[in-house]
2 protein chains.
Amino acid sequence: MTFPDARLPLYQRLRDDLAGRITRHEWRPGESIPSEAELASAHGVAVGTVRKAIDQLVAEGVLERQHGRGTFVRRAQFNSSLFRFFRFQSEQGERRVPESHILRRETMAAPSAAASALRLPEGTPLIFLSRLRLLGGEPVLAEEIWLEQVRFDALLRLEPSDFGDLLYPLYEERCGQVVISAEETLSVEVASPLQARLLRLEPQSPLIVIERLAFDLERRPIEWRRSRGPANRFRYHVEIH
Amino acid sequence: MTFPDARLPLYQRLRDDLAGRITRHEWRPGESIPSEAELASAHGVAVGTVRKAIDQLVAEGVLERQHGRGTFVRRAQFNSSLFRFFRFQSEQGERRVPESHILRRETMAAPSAAASALRLPEGTPLIFLSRLRLLGGEPVLAEEIWLEQVRFDALLRLEPSDFGDLLYPLYEERCGQVVISAEETLSVEVASPLQARLLRLEPQSPLIVIERLAFDLERRPIEWRRSRGPANRFRYHVEIH
DNA sequence: AAGTGGTCTAGACCACAGC
DNA sequence: CTGTGGTCTAGACCACTTC
């Protein structure tokens with residue numbers, strides 16, 4: 001339980017309260033939350049204040065309004081921009097989801113880079129995943145993923161072959177962790193012999209490197225990953241506002 | 001003059017009205033707009049409605065509220081994410097603005113790629129600019145830029161040496177065109193002999209290619225540019241929501 | 001003290017969905 | 001017809017800036 005700062009505006013505390021109840025699965029993705037009038041009377045505030053709190057969560061992509069029907073918890077948005085970097089090569093629409101193979105799954109004490117990214121003390125127990133992703137049989141991404149062990153414990157009790165092709169649905173269903181935003185940093189480097197063999201490239205081929213830090217509803221970083229793929233089949237699209 | 005659809009909500013029409021007055025330079029960047037109470041009585045609506053219109057423009061980055069002082073037209077935001085791809089090499093903060101040299105400035109009939117990006121009929125008169133950008137004397141970006149001639153006419157009456165290092169302030173001051181959002185597409189290609197010489201690289205070096213389509217207040221595309229730089233000194237940071 | 005934006009309330013009326 | 005979200009109003013009170 002966090003201490004809601006009483007000096008924060010009402011609608012802010014309400015937003016955090018609702019976000020918490022979604023995190024705690026009081027309302028599940030796809031379900032509707034109580035009506036604005038109900039929430040208002042339950043919290044003893046005006047409807048306008050409830051609307052302002054909901055407005056925020058809608059803007060964050062957590063809730064979705066449907067005129068005349070209600071307000072719903074959004075399901076993980078697998079067509080959203082969070083998945084954009086899968087758009088390797090095939091620019092012609094039809095974003096295919098690459099198949100995934102878990103190569104390694106281990107626990108480790110947080111190395112300094114992962115610890116500082118995830119804002120955890122160095123040495124915190126983490127889960128480390130190594131994944132290879134393929135499109136039409138060809139490797140397109142080699143991924144290294146770090147997760148805080150206490151949050152993602154459930155992943156250790158699952159067969160790596162049962163992980164499926166997408167992690168975020170797994171995070172949501174098995175671990176109750178919802179990703180709603182992320183920061184990515186792109187750069188280009190040259191393939192090491194190891195990476196080259198994994199991606200079936202010639203050594204010294206240019207690689208695109210995507211570092212991603214993913215955040216949950218409470219705006220805490222919960223996943224850090226570093227993905228590498230062949231630079232020549234790469235396209236990346238962003239909207240800047 | 002556009003026809004405001006009377007079926008649109010009041011606050012939407014108000015938003016468009018305010019956006020238009022900013023475009024037409026009734027209020028200039030850095031200046032304050034009338035107070036919410038004034039706008040409300042001038043338009044014969046409630047203050048809440050004015051606030052909702054202003055909220056939108058604030059979210060779009062056009063206006064900026066200052067508690068107790070007023071609401072201001074934002075100046076072109078040169079530290080904003082629109083300028084992020086200047087962050088070549090020096091990751092350690094201090095984003096320096098590269099110096100710019102205009103290599104070519106011509107008028108041309110819109111080629112099909114530029115026409116379709118800018119959503120203009122093929123053959124529309126355009127201005128074409130070619131720029132080289134340097135950091136500490138070293139070339140970091142070679143840019144090709146296409147602009148609709150009727151909007152950017154003023155650029156033809158200016159000495160290329162007087163363009164300065166940033167184009168968007170120029171667009172704003174000389175042409176009354178304000179960029180508030182953009183889409184970018186990144187890819188990697190291999191330097192042609194020409195590009196290699198321009199960027200002082202060995203031929204066949206990997207290049208990062210950034211295509212940018214920039215939009216104005218009315219959400220119309222007004223600039224299309226393609227920039228190329230050495231891939232190895234490149235870093236790109238995005239927030240995904 | 002006067003003027004500005006920020007929060008919050010209470011309620012009217014409209015538009016859409018679903019029975 | 002009922003319940004839901006969407007728009008709009010009118011006004012109280014607060015917090016910050018400026019003079």
Side-chain angles (χ1 to χ4, degrees), chain A residues 3-19 21-22 26-75 77, chain B residues 3-19 21-22 26-75 77:
Chain A
F3 269 72
D5 187 338
R7 292 163 303 182
L8 243 45
L10 250 181
Y11 71 89
Q12 273 293 354
R13 284 179 278 162
L14 229 172
R15 179 254 167 231
D16 294 342
D17 181 67
L18 298 179
R21 292 166 79 174
I22 295 166
E26 271 183 56
W27 308 305
R28 302 182 141 273
E31 289 179 8
S32 72
I33 69 173
S35 74
E36 299 177 346
E38 273 181 82
L39 287 171
S41 77
H43 287 82
V45 301
V47 186
T49 305
V50 173
R51 282 188 66 79
K52 223 173 159 180
I54 292 180
D55 279 343
Q56 277 203 30
L57 291 165
V58 169
E60 293 168 33
V62 179
L63 293 178
E64 185 176 2
R65 292 194 149 102
Q66 289 188 38
H67 194 167
R69 303 219 315 128
T71 302
F72 298 79
V73 180
R74 276 181 80 174
R75 339 187 128 271
Q77 299 129 53
Chain B
F3 268 73
D5 188 338
R7 291 163 304 182
L8 243 45
L10 249 182
Y11 70 89
Q12 272 293 353
R13 283 178 280 161
L14 230 172
R15 179 256 167 227
D16 293 343
D17 181 68
L18 298 179
R21 293 165 79 174
I22 295 166
E26 271 184 56
W27 308 305
R28 303 182 139 273
E31 290 179 9
S32 72
I33 68 171
S35 74
E36 298 176 347
E38 272 180 82
L39 287 170
S41 76
H43 287 83
V45 302
V47 187
T49 305
V50 172
R51 282 188 66 78
K52 221 171 160 182
I54 292 180
D55 279 344
Q56 277 204 29
L57 291 166
V58 168
E60 294 169 33
V62 179
L63 292 179
E64 184 176 5
R65 293 188 204 272
Q66 290 188 37
H67 194 168
R69 303 219 313 127
T71 301
F72 298 79
V73 181
R74 275 181 80 175
R75 342 188 124 271
Q77 300 130 54

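Values below: all heavy atoms of this structure, side chains included; hydrogens, waters and symmetry mates excluded. Lettering of chains follows the sequences in order, A, B, ..., and the numbering in each one begins at 1. Please read all numbers here as calculations on a predicted model, not as lab measurements.
Between the C1' atom of D/dT9 and the NE2 atom of B/H43 lies a distance of 17 Å, rounded to the nearest Å. In this structure, the CG atom of B/L39 is 12 Å from the C1' atom of C/dT4, given to the nearest Å. As a whole-Å value, the separation of A/L63 CG from D/dT4 P is 16 Å. One interatomic measurement links the two molecules: CD1 of B/I33 to C1' of C/dG3, which rounds to 15 Å at whole-angstrom precision. Here D/dT4 presents its C1' atom at 11 Å from CZ of A/R65, a figure rounded to the nearest Å. Nucleotide C/dG5 holds its C1' atom 13 Å from the CD atom of B/E38, rounded to whole Å. The interatomic distance linking B/R13 (CZ) with D/dT7 (P) rounds to 12 Å, in whole Å. Atom CZ in B/F72 sits roughly 11 Å away from atom C1' in C/dG5 (whole-Å rounding).
Between B/R13 and B/D17 there is no salt bridge, since no side-chain N of the basic residue sits under 4.0 Å from a carboxylate O of the acidic one.
Nearest heavy atom pair, residue A/P29 against residue A/R74, reads CB-O, 3.9 Å. What you find for A/R69 and A/F72 is that their closest heavy atoms are NH2-CZ, 3.8 Å. Minimum interatomic distance between B/A53 and B/Y11 (heavy atoms only, all atoms of both residues): CB-O, 3.4 Å.
An OP1 or OP2 oxygen of D/dT7 is reached within less than 4.0 angstrom by a side-chain nitrogen or oxygen of B/Y11. Look at B/K52 and you won't find any side-chain N or O under 4.0 angstrom from OP1 or OP2 of D/dC8. Between B/T71 and C/dG5 there is a side-chain N or O to OP1 or OP2 distance below 4.0 Å. OP1 and OP2 of D/dC8 both lie 4.0 Å or more from every side-chain N or O belonging to B/T49. The side chain of B/R69 contributes no N or O atom lying less than 4.0 Å from OP1 or OP2 of C/dG3.
Among the nucleotides C/dG5, C/dT9, C/dG18, the one closest to the side chain of A/A46 is C/dT9. With D/dT9, C/dG5, C/dT4 as the choices, the nucleotide that has an atom nearest any side-chain atom of B/E36 turns out to be C/dG5. Proximity note for B/P9 (side chain, C-beta onward) versus D/dC8, C/dT7, C/dG5: the nearest is D/dC8. When each of D/dG5, C/dT9, D/dC8 is scored by its nearest atom to the side-chain atoms of A/V45, the top-ranked nucleotide is C/dT9. For B/R51, whose side chain is taken as the heavy atoms from C-beta onward, the closest listed nucleotide among C/dT9, C/dG6, D/dG5 is C/dG6.
The one candidate from A/V50, A/I54, A/L39 that meets the side-chain contact (heavy atoms from CB on, under 4.5 Å) condition with A/L14 is A/V50.
The residue among B/P34 and A/G68 whose nearest nucleotide of DNA chain C lies closer to the 5′ end is B/P34. Both B/I54 and A/Q66 lie near DNA chain C, and the one whose nearest nucleotide falls closer to the 5' end is B/I54.
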